[in-house]
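Worth saying up front: this structure is predicted, and the values here are computed from it rather than measured.
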Amino acid sequence: DYQGKNTSIRNASKTYVSKDSVIKADALESGDGGRIIVWADEITRFYGHLYARGGRVGGDGGFAEVSGKEFLDFRGTADLTALTGDYGTILFDPLDIVIRDAQRGETPDVVSENDAFSENPDTNVFFTPDQIQTLLGSTDVELQANRNITVEDAISMGAGNTRDLTLKANDTITIDSAGSIDLGSGDLYLIAGSN
């Protein structure tokens, strides 16, 4: 359940969602998209596809959370769109988040099912600007770090975007000189516990 806090539901220690996996919580004719939680108390690797779309004749997109409390490797897709209502929101909430171009940083290779938990990753969770921009095409995005968020490279959506981006850190948010954020007509929320 949400952020692993429901004591009546047992949490996985490690969660692996393969690239051919599909998770759906779509509304049908009318109604809001559903709620999807992919969580682990330690490591989550998500390479699959999730959908929580609003109904064809009415309803908003749903809500999804994909995270590992200690480490997250997200290489999948998310679609929380709605034909007639508001888009939904996807939440990622690991320890630390760094947004930077892939060529500037070391990011772990996609691992096979047999090796999904053989590595001992560090706490930094990397997203590229391209990943964020792709997600914003089909959902509002909330990045919530239990410690720090650092934006090292530019996120640029253009004038036609109406999706929102939230960066929320319990400690600090750092936006480097190259880390500009342009959401077009979308809203940007920055919420830091300290600086």
Side-chain angles (χ1 to χ4, degrees), residues 1-6 11-17 19 36-48 50 63-78 80 89-111 115-136 139-157 163-183 186-195:
D1 206 347
Y2 179 72
Q3 295 186 329
K5 293 180 178 178
N6 187 342
N11 290 342
S13 297
K14 301 172 182 178
T15 300
Y16 173 74
V17 180
K19 64 182 180 180
I36 296 171
I37 308 293
V38 180
W39 173 269
D41 284 343
E42 296 176 18
I43 299 170
T44 293
R45 295 190 186 279
F46 188 99
Y47 303 151
L50 65 83
F63 173 82
E65 177 187 17
V66 179
S67 206
K69 190 172 183 179
E70 296 178 2
F71 180 76
L72 168 66
D73 181 14
F74 181 84
R75 311 290 180 99
T77 65
L80 287 80
T89 300
I90 189 165
L91 167 67
F92 303 99
D93 49 347
L95 277 177
D96 298 290
I97 297 171
V98 178
I99 300 171
R100 69 179 173 202
D101 289 332
Q103 65 267 23
R104 294 188 59 214
E106 294 297 324
T107 56
D109 293 333
V110 174
V111 297
D115 298 324
F117 305 114
S118 62
E119 299 177 11
N120 184 21
D122 64 21
T123 59
N124 283 329
V125 171
F126 295 96
F127 287 91
T128 66
D130 284 346
Q131 281 180 298
I132 302 299
Q133 290 158 193
T134 298
L135 286 165
L136 286 169
T139 180
D140 292 333
V141 176
E142 182 172 344
L143 302 177
Q144 181 177 319
N146 287 315
R147 292 193 301 214
N148 305 303
I149 296 176
T150 304
V151 182
E152 296 184 358
D153 290 299
I155 298 169
S156 181
M157 290 299 295
R163 306 275 57 85
D164 299 339
L165 174 63
T166 300
L167 304 182
K168 183 176 182 180
N170 286 341
D171 290 336
T172 65
I173 297 173
T174 303
I175 301 177
D176 290 351
S177 58
S180 63
I181 300 174
D182 176 6
L183 296 180
D187 291 329
L188 172 64
Y189 300 93
L190 302 175
I191 305 162
S194 57
N195 298 321

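Under a 3.5 Å cut-off, the side chain of T134 and the backbone N or O of D130 do form a donor-acceptor pair. A distance-only check finds a donor-acceptor pair linking the side chain of E65 to the backbone of Q3 [under 3.5 Å]. The backbone N or O of G193 lies less than 3.5 Å from no partner atom in the side chain of N170, so there is not a single donor-acceptor pair. A donor-acceptor pair is defined here as one N or O able to donate and one able to accept, closer than 3.5 Å; no such pair exists between the side chain of D1 and the backbone of N6.
Here the closest non-hydrogen pair linking D96 and N148 is OD1-N, 3.1 Å. Pairing each heavy atom of N146 with each of K69, the nearest pair is ND2-O, 4.4 Å. Between Q133 and S156, the shortest heavy-atom contact is OE1-N, 3.0 Å. L165 and I132 make their closest contact through CD1-CG2, 4.3 Å (heavy atoms, listed as atom of the first residue, atom of the second, distance). Contact between T15 and A12 at its shortest, heavy atoms only, is OG1-CB, 3.5 Å. When all heavy atoms are compared, the tightest approach of A64 to L80 is N-CD2, 3.8 Å.
Here L183 contributes atom CG and L188 contributes atom CG; the two are 5.5 Å apart, rounded to the nearest 0.5 Å. Annotation: the span from Q131 atom CD to R75 atom CZ amounts to 7.0 Å, rounded to 0.5 Å. With rounding to the nearest 0.5 Å, the separation of CG in D73 from CZ in R45 is 5.0 Å. Taken from CG in D187 to OG1 in T166, the straight-line distance is 9.0 Å, to the nearest 0.5 Å. We find the CG-CG distance between L167 and L190 to be 5.5 Å, quoted to the nearest 0.5 Å. Remark: E142 CD to Y189 OH distance equals 11.0 Å, nearest 0.5 Å.
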Could you go step by step and tell me if Q144 and L91 meet the side chain to side chain contact (heavy atoms under 4.5 Å, CB included) rule?
-> CA-CA 7 Å; Q144 181 177 319; L91 167 67; 3.8 Å; yes

Taking it one step at a time, do F74 and Y47 satisfy ring pair (Phe, Tyr, Trp, His ring centres under 6.0 Å)?
-> CA-CA 6 Å; F74 181 84; Y47 303 151; 9.1 Å; no

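By the 4.5 Å heavy-atom criterion applied to side chains, L72 and V66 are counted as neighbours. A heavy-atom distance below 4.5 Å is found between the side chains of I90 and F92. Looking only at side-chain heavy atoms (C-beta outward), R163 and T139 stay at 4.5 Å or farther from each other. In this structure the side chain of V151 never reaches within 4.5 angstrom of the side chain of D153, judged on heavy atoms. You'll find the side chain of F71 stays beyond 4.5 Å of the side chain of T44, heavy atoms only.
For S67, the side-chain hydrogen bond (donor to acceptor under 3.5 Å, both in side chains) test picks out D93, with sequence neighbours left out. Applying the side-chain contact (heavy atoms from CB on, under 4.5 Å) rule to N11 yields the partners W39, D41; only residues at least two apart in sequence or on another chain are considered. The side-chain contact (heavy atoms from CB on, under 4.5 Å) check on T174 picks up T150, T172, D176, with sequence neighbours excluded.
Using bins of under 30°, 30° to 60° and over 60° for the plane-to-plane angle, the ring pair F63/Y2 lands in the tilted bin.
Salt bridge status for D171 with R147: absent, with no side-chain N to carboxylate O gap under 4.0 Å.
In summary, of the residues considered (L143, I175, V125), a side-chain contact (heavy atoms from CB on, under 4.5 Å) with I99 occurs for L143 alone.
Checked against a 6.0 Å centroid threshold, the rings of Y16 and F46 do not count as neighbours.
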